[in-house]
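So the structure is just underneath, and the comments pick up after that.
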Amino acid sequence: MEKMTKYSPSEIEAQWYTYWMDHNFFASTPDHRTPYTIVIPPPNVTGVLHMGHMLNNTIQDVLIRKARLQGYNACWVPGTDHASIATEAKVVAKLKEQGIAKQDLSREEFLEHAWAWKNKYGGVILEQLKKLGCSCDWDRTAFTMDPKMSESVIKVFVDLYNKGLIYRGNRMVNWDPEALTTLSDEEVIYEERQGLLYYISYAISGTDATLTIATTRPETIFGDTAICIHPEDERFTHLHGKKAIVPICGREIPIVLDPYVDMEFGTGCLKVTPAHDVNDKALGEKHGLEIIDIFNANASLNANALQYEGLDRFEARKQVAKDLDLGGFLIKTEPHLNKVGTSERTKAVIEPRLSDQWFLKMEELAKPALKAVLEDQEIHLFPKKFENTYRHWMENIRDWNISRQLWWGQQIPAFYYGPTKEDFVVAETAEKALSLAQEKSGNKNLSLADLKQDEDALDTWFSSWLWPMSVFNGVLEPENEEIQYYYPTNDLVTGPDILFFWVARMIVAGYEYRDTKPFTNVYFTGLVRDKQRRKMSKSLGNSPDALKLIKDYGADGVRVGLLLSAAAGNDLMFDEALCQQGKNFANKIWNGFNLIQSWEVADIPQPEAAKIAIEWYREVFNKTLLEIEDHFSKYRISDALMAIYKLLWDDYSSWLLELVKPPYQQPVDRETKNQLLHLLENNLKILHPFMPFLSEDLWQKMAVRSPEEALIVSTWPKSAKEVNNALLSDFETAQQIVSGVRTIRKEKQIPNKEVLDLFQFSETETSHTMNAVVEKLANLNPVQQTQAPVAGALSFRVASVEYFVPIAGAIDVSAEIKKVTDELHYTQGFLKSVEKKLANERFVSNAPEKVLAMEKKKQSDALAKIETLKQSLVYLKG
RNA sequence: GGGCCCUUAGCUCAGCUGGUUCAGAGCACCUGCCUUACAAGCAGGGGGUCACUGGUUCGAACCCAGUAGGGCCCACCA
């Protein structure tokens, strides 16, 4: 027989996404409702969907869909980030393939290529998010280099400059010799690398003596402008005031004294290279040393390195070491573990380099942002542990290097009009700059042609830190309706890796420009790793193809798979098996739906079992709903999903549906079917945020619905605060009885078809409200009461009540005796421990009332149980 | 070098203010079943010295100290 027992997601997913889009269900405009806003962490325009995005955006979609159901005006703003360094690198690579070098292009020409590239590939990742089911308001799709966004960025730059917070300085910066730009401190990743410590001998001028320094970078000797020793180092007092001679180049350099030098490290003598090390720069300034830069921009050596000019720095290191050795200057080398800074983007080893850069003073700006999170609790971080990290960074915040030697990005609005580096003005436009320049220079004859704009672009994060404001045009028009309505946003869902890059800075910008937080809750997802705990990366090839996953398991299945493994802030081990679990779950629900649909309806009375089951399920549903809401309030998204999973699989499918199921090929009563459909509707509502496609599909299949009645815009069920615990507990007892009978069936291999008897042994009358449930699920004749144990019957106990199932010839008396005896001994032992506790005066006097009462109940229960066990033994032994 | 966090079943993880929701969940596993929605399933079942050592307490997975292992963040030691 052909049966439709398989759910195939791919067919319906596209259909429902189109339906939602066609009816503008994702769109939001300000209205009388309370807004619920999320701004997407804008992925790089160069990006393709990876597992991190999938997780991140699934969580956002769950939150936004739930809010929408709850009646909020849900607004999820999508967009992309221009990612200056990553994108520029891609465009440069692409041009290179076409035989075009960046240097051969003008800034304008290059930007044309970049925009063409962006327009062609920039939307890919957003299209992929649609496949995942993300219900973003696509009409609001923003890009960090949109005209208004860029204008906002420039406005903020000018404003901060005018406030005296932006300055230009010649500073040691992190230079990426591959991307040919500076990086902020946060973009530098330190790695431990095994290297060598070279001991190099320097002659002392005018004497036969020498001194030995230890360095990891022998190639930098050409930049040496001093040797530094500790003033109190008694080994070197004879060197005070002397000069040393740099090997190979023979230059004479002073020997200076400074307590900075660690006498314990190396030889106690330090060579000073102010152009290529932050500390050396400080020493240089202190002692008035010369600065000799020996590197080109690509980190090859320049003319200052004499015959090594043009050599790459690592090649030069080998060569210089070799030559030093030949010349007798290299005393020895020893292995040395040192930390090497590398570029987050290009992986190139960072070269500390002195250059003119723009900086933003952070100290004052950070203060309100620090207070808001830690003191005022205006913003909550989930998990909370990130508050420590946040505090540490904000309290030790350093100035932000915001200039990049790139073209792709907002060009710094500083205009030079004169011969010196200080002859510049900062303004939104060249026209404004001109009048400022005329004023500043006193030269009214300056024209636009005399102005030269700074070549650098701004750090990408200098635009994304405004994102929650700028997507609502809140920077240019701070009073506009949209920003007033949607801001502050509600939740931000992102990875902890950009806590400093982005999250902290958005908070800073929010307080500076709107005097309030940009969002209330920040949910940090973990890193997605593979089963072996390795970080997912392109180079390892361990990152599954997101679209293929969706194709194989359905978007709903993948969403469930990701969420099931994702506790907030913990890394998650992604395993495709979880997507399979998600897909199985979808199929389970789909089948249950088909089952109900297949039943004929008749006007017949409602069976008792169905009536009880439905009442019970209402309670379970309500209880679960309360749990789910509690989970959501703590951002425990996976726990919320698991609660729904168990509700639908166990309570709904295994218990409720089994109980209401009509006998084979017979109709169901109208009452039951109607009630069931209502329960199903509620199930679909709470399922919808997690599995939007399946839930909408079934919702639409169960009734003819107008667009206004679509599930996506329906209402989240209301929970009753009262839970009928008596009903729940009675039902649970019934479940245990059913389970007891099933265990006996299993042990004695009695088929389910065979109808059995069940005796409830009880001296007093007990309630029978659940008998119909037990009889239906365990396939029993009406449950009978008995005043005495049933001889020759198998038995089990639920709570302290004993049940008997008579089975002809199946009973092994001696085995039963052993079973009961074992249980008796165990219970006696248990009683003993309880009584010992109760006999302990200190326990009785210290333990709270509640605990004491509990112990006493344990005692009386155990005593009662021992009685029935003893009686059983008597009967068994005949 | 400074700071933060983690270690509970084979795996991934819950476990709130110390006490019957304290030893849990999902998956995996084992044993029966192609049973009348679903084998992508049903029913039943076995798994843990709560990292280790001490302490506090009537009582510790939970609090304290130490040890071992793992992770994260920050920091310029040549």
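None of these values were measured; they are calculated from a predicted model. Chain letters run A, B, ... following the sequence lines, proteins first and then strands; every chain starts at 1.
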Polar side-chain atom of A/S653 near backbone of A/D650 as donor-acceptor pair, under 3.5 Å: no
Nearest-nucleotide pick for A/N584, side chain only, options being B/A40, B/C58, B/C77: B/A40
Selection from B/A78, B/C74, B/G19 that lies nearest to any side-chain heavy atom of A/F843: B/G19
Selected nucleotide, minimal atom distance to A/K385 side chain, candidates B/C5, B/C77, B/G44: B/C5
OP1 or OP2 of B/A75 under 4.0 Å from side-chain N/O of A/R398: yes
Any N/O donor-acceptor pair, A/K588 side-chain to B/C38 base, under 3.5 Å: yes
With sequence neighbours excluded, residues passing ring pair (Phe, Tyr, Trp, His ring centres under 6.0 Å) with A/Y199: none
Base B/U31 paired with A/K746 side chain (donor-acceptor, <3.5 Å): yes
Whether A/R745 side chain and A/A778 backbone form a donor-acceptor pair below 3.5 Å: yes
Set of residues satisfying ring pair (Phe, Tyr, Trp, His ring centres under 6.0 Å) with respect to A/Y553, sequence neighbours excluded: none
CD/A/E334: more than 12 non-hydrogen atoms of other groups inside 6.0 Å: yes
Per-nucleotide protein contact string for nucleotides 24-29 of chain B, where B marks a base within reach and S marks sugar-phosphate only (heavy atoms under 4.0 Å, - for neither): -SSS--
Listed nucleotide nearest any side-chain atom of A/N388, set B/C4, B/U35, B/A37: B/C4
Check: A/R391 side chain, A/V373 main-chain N or O, donor-acceptor pair, under 3.5 Å: no
Residue closer to the 5' end of RNA chain B, A/S653 versus A/R842 (nearest nucleotide): A/S653
Euclidean distance for P, B/G48 against B/C11 (whole angstrom): 13 Å
For A/W393, ring pair (Phe, Tyr, Trp, His ring centres under 6.0 Å) partners two or more places apart: A/F500
B/G59 OP1/OP2 closer than 4.0 Å to side-chain N/O of A/N846: no
A/E344 CD - B/C73 P separation (whole Å): 11 Å
Atom pair distance, as rounded to whole Å: CD in A/E835 and P in B/C58: 22 Å
Given B/A78, B/A37, B/G19, the nucleotide with the shortest approach to the side chain of A/H336: B/A78
5′-ward residue of the pair A/D185/A/R217 relative to RNA chain B: A/D185
Secondary-structure stems, RNA chain B, at least 3 Watson-Crick or G-U base pairs under 3.5 Å: B:1-7 with B:68-74, B:10-13 with B:24-27, B:29-33 with B:41-45, B:51-55 with B:63-67
Residue list, side-chain hydrogen bond (donor to acceptor under 3.5 Å, both in side chains) with A/T220, at least two apart or on another chain: A/K271
Side-chain N or O of A/R745 closer than 4.0 Å to phosphate OP1/OP2 of B/U31: no
Separation of atom CG in A/L657 from atom C1' in B/G41, rounded to whole Å: 14 Å
A/Y652 ring center within less than 6.0 Å of A/Y617 ring center: yes
C1'-based separation of B/U7 from B/C50 [nearest Å]: 10 Å
